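As the structure is a prediction and not an experimental result, all values here were calculated from the model. The basis for the numbers below is simple: all heavy atoms, side chains too, and nothing from hydrogens, waters or symmetry mates.
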Amino acid sequence: MARFWFCVAGAGCFLALLVLHSRIRDSPVLREFVFQVSWRTEEILYRLDVGWPKHSEYFTGATFCVAVDSLNRLVYVAQRGENIQKVLVFTEDGYFLRAWNYTVDTPHGSYGHTIKKYSSFGDLVQVLGTPGEKGSGLNPLQFDNPAELYVEDTGDIYIVDGDGGLNNRLIKLSQDFMVLWLHGENGTGPAKFSIPHSVTVDSAGRVWVADRGNKRIQVFDKDTGEWLGAWNNCFTEEGPSSVRFTPDEKYLVIAQLNLSRLLFVAAPPVGSIGYCSVISSIQLADQVLPHLLDVSGKTGAIYVAEIGARQVQKYVPLNSYFSSFHS
């Protein structure tokens with residue numbers, strides 16, 4: 001049975017093993033008006049899927065996080081608000097399956113500070129951290145506004161902890177929750193952070209962290225934790241709020257929250273970090289606020305949790321690009 005994790009009480013809490021989605025009204029005309037798409041560069045890689053989901057009325061709160069279960073072709077959406085279902089489950093085709101609310105704390109609150117593992121049907125499996133108590137301890141583990149996490153196939157867990165809280169750190173845990181390494185200090189130098197908000201890992205063993213407050217992405221070796229470099233030239237206007245790879249790892253997909261923009265950035269070759277090079281972008285309407293996103297490993301579809309628009313949008317690769325990573 002599939003398992004996944006929640007961060008609780010961060011300004012970017014996220015469902016990690018799986019992923020989520022959205023839409024504003026049933027009217028495609030209204031959706032295209034509110035979420036107009038413009039490409040800043042010549043290469044167009046993705047288009048909006050205006051038919052996803054089939055029914056948007058299930059979005060009743062601020063949709064802050066999405067996670068994709070590529071194996072089972074499911075999309076998990078987390079939303080914030082009072083007296084609403086906190087987790088919605090859709091198929092990748094856009095059909096609503098179920099919702100659950102059990103023991104899921106509302107993020108951005110004065111309580112929580114935990115990371116919780118659930119079954120795909122909402123059964124609580126594991127809790128890391130002390131509910132309602134923020135902290136920086138490692139034995140036992142404590143958190144303060146954890147923003148997001150990424151779980152590898154090996155079961156190793158990467159956590160960015162400190163979405164405006166006490167901590168500004170990146171932690172790697174083993175599958176049995178032992179601390180393997182960490183970087184944790186507020187600052188602007190290498191391996192220091194200011195609101196680490198998103199994390200992902202590539203097949204070359206590099207850990208990519210959206211260091212939002214410092215307007216950069218930092219890169220680390222996943223085995224040793226060694227700092228490998230940073231990108232900041234793409235983020236002069238605003239830092240990254242979310243980062244993921246396309247299935248072929250040719251591009252990083254990066255969300256910029258307050259600019260309401262998605263960037264497609266060329267991934268560097270193994271052994272090099274180089275400079276950030278934007279290949280394409282999607283400009284959303286003002287105040288859409290793309291918060292966190294996830295990518296289907298099978299279809300390449302991108303699901304974007306738009307906290308301002310209170311919906312999840314799906315973008316699908318154009319046929320020419322889709323065939324390139326399935327050939």
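- Taking the salt bridge (charged side-chain N to carboxylate O under 4.0 Å, His left out) definition, one finds that Asp223 meets it with nothing, sequence neighbours left out.
- Residue pairs meeting the disulfide (SG to SG under 2.5 Å) criterion with at least one partner in residues 120-170, sequence neighbours excluded, are absent.
- At a threshold of 4.0 Å, the pair Lys298-Glu92 does not count as salt-bridged, since none of the basic side-chain nitrogens sits closer than that to a carboxylate oxygen.
- Within the 4.5 Å cutoff, the side chain of Val243 has heavy atoms near those of the Ile217 side chain.
- Not counting sequence neighbours, the partners of Trp208 by the ring pair (Phe, Tyr, Trp, His ring centres under 6.0 Å) test are Trp231, Phe245.
- Residue pairs meeting the disulfide (SG to SG under 2.5 Å) criterion with at least one member in residues 66-95: none, sequence neighbours excluded.
- Gln218 and Trp227 are linked by a side-chain donor-acceptor pair at a separation below 3.5 angstrom, with hydrogens and angles left out of the test.
- Looking at residues two or more places apart in sequence or on another chain, you find no salt bridge (charged side-chain N to carboxylate O under 4.0 Å, His left out) involving Lys215.
- Between Leu292 and Ser241, the closest side-chain pair of non-hydrogen atoms is not below 4.5 Å.
- Side chains of Tyr158 and Glu148: a donor-acceptor N/O pair is absent below 3.5 angstrom, by distance only.
- In this view, Thr154 and Glu152, Asp156 satisfy the side chain to side chain contact (heavy atoms under 4.5 Å, CB included) rule, not counting sequence neighbours.
- Side-chain atoms of Asp211 come within 3.5 Å of backbone N or O of Ser194 as a donor-acceptor pair.
- With sequence neighbours excluded, the residues that form a side chain to side chain contact (heavy atoms under 4.5 Å, CB included) with Phe96 are Tyr58, Leu88, Phe90, Ala99.
- Residues that satisfy the side chain to side chain contact (heavy atoms under 4.5 Å, CB included) test with Asn232, not counting sequence neighbours, are Arg216.
- Every residue meeting the side chain to side chain donor-acceptor pair (under 3.5 Å) condition with Thr224, not counting sequence neighbours, appears here in chain and number order: Asp221.
- Around the CD atom of Gln287, the shell of radius 6.0 Å holds no more than 12 heavy atoms that belong to other residues, nucleotides or ligands.
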Per-pair distances, 0.1 Å, donor-acceptor, side chain in residues 175-183, under 3.5 Å, sequence neighbours excluded:
unit_1: Asp176; atom_1: OD1; unit_2: Ser174; atom_2: OG; d: 2.2
unit_1: Trp181; atom_1: NE1; unit_2: Lys222; atom_2: O; d: 3.0
unit_1: His183; atom_1: NE2; unit_2: Gly225; atom_2: O; d: 2.4

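- Under the disulfide (SG to SG under 2.5 Å) criterion, the residue pairs touching residues 126-234 are Cys234-Cys276, with sequence neighbours excluded.
- A side-chain donor from one of Asp161 and Asn167 sits under 3.5 Å from a side-chain acceptor of the other.
- Applying the side chain to side chain contact (heavy atoms under 4.5 Å, CB included) test to Asn168 and every residue at least two apart in sequence or in another chain returns Asn186, Phe193, Pro196.
- With 3.5 Å as the limit, one finds no donor-acceptor pair spanning the side chains of Asp93 and Thr91.
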